[in-house]
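To start, the structure itself, in structure tokens.
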Amino acid sequence: MPATTYAVSGMTCGHCRTAVTEAVGELDGVSGVEVDLDAGHLTVTGPGEPDDAAVARAVDEAGYELTGRV
């Protein structure tokens, strides 16, 4: 399955990981979410290309900022 990695600022703890994972995981077409706190990365997997705008909105609603693809 294709994976897309994004840079996200503001994530520092387990709560951050959980909030982003849950918010992005609810999006249509997302089958997996991995958060790397040390790198500040979010990796989204699914059957096709993710909707960057939808991912950015979900991250924003969780309280963080998606700064672009890695």
Side-chain angles (χ1 to χ4, degrees):
M1 226 174 264
T4 304
T5 302
Y6 300 93
V8 178
S9 63
M11 299 185 303
T12 59
C13 65
H15 175 269
C16 302
R17 175 185 288 124
T18 300
V20 170
T21 299
E22 288 178 358
V24 175
E26 292 177 359
L27 297 174
D28 289 338
V30 172
S31 59
V33 178
E34 289 184 36
V35 174
D36 182 339
L37 293 176
D38 293 331
H41 290 167
L42 161 68
T43 301
V44 177
T45 55
E49 281 287 310
D51 179 344
D52 290 344
V55 173
R57 277 192 304 275
V59 169
D60 184 62
E61 289 172 6
Y64 308 95
E65 181 184 3
L66 188 144
T67 58
R69 287 190 182 208
V70 176

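Throughout, residue positions are numbered sequentially from 1 according to the sequence presented. All heavy atoms count here, side chains included; hydrogens, waters and symmetry mates do not.
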Over all heavy atoms of both residues, which pair between Cys13 and Leu37 is shortest? Give the atoms and the distance, please.
-> O-CD1, 3.3 Å
Between Gly10 and Cys16, which heavy-atom pair has the shortest distance, and what is it?
-> O-SG, 4.1 Å
Closest approach of Leu27 and Ala58, non-hydrogen atoms and distance?
-> CD1-CB, 4.1 Å
So among Val20, Thr43, Leu66, which one has a side-chain contact (heavy atoms from CB on, under 4.5 Å) with Tyr6?
-> Leu66
Heavy-atom nearest pair, Val55 first then Pro50, reads CG2-CB, 4.2 Å
Value rounded to 0.5 Å, distance of CG in Leu42 from OG1 in Thr67 = 10.5 Å
Listed partners of Arg57 passing side chain to side chain donor-acceptor pair (under 3.5 Å), at least two apart | none
Judged by atom type as modelled, is there a donor-acceptor pair below 3.5 Å linking the side chain of Ser31 to the main-chain atoms of Thr45?
-> yes
Can you list every pair that meets side-chain hydrogen bond (donor to acceptor under 3.5 Å, both in side chains) and has a residue in residues 10-28, with sequence neighbours left out?
-> none
Any idea which heavy atoms bring Gly29 and Pro47 closest together, and the distance?
-> O-CD, 3.4 Å
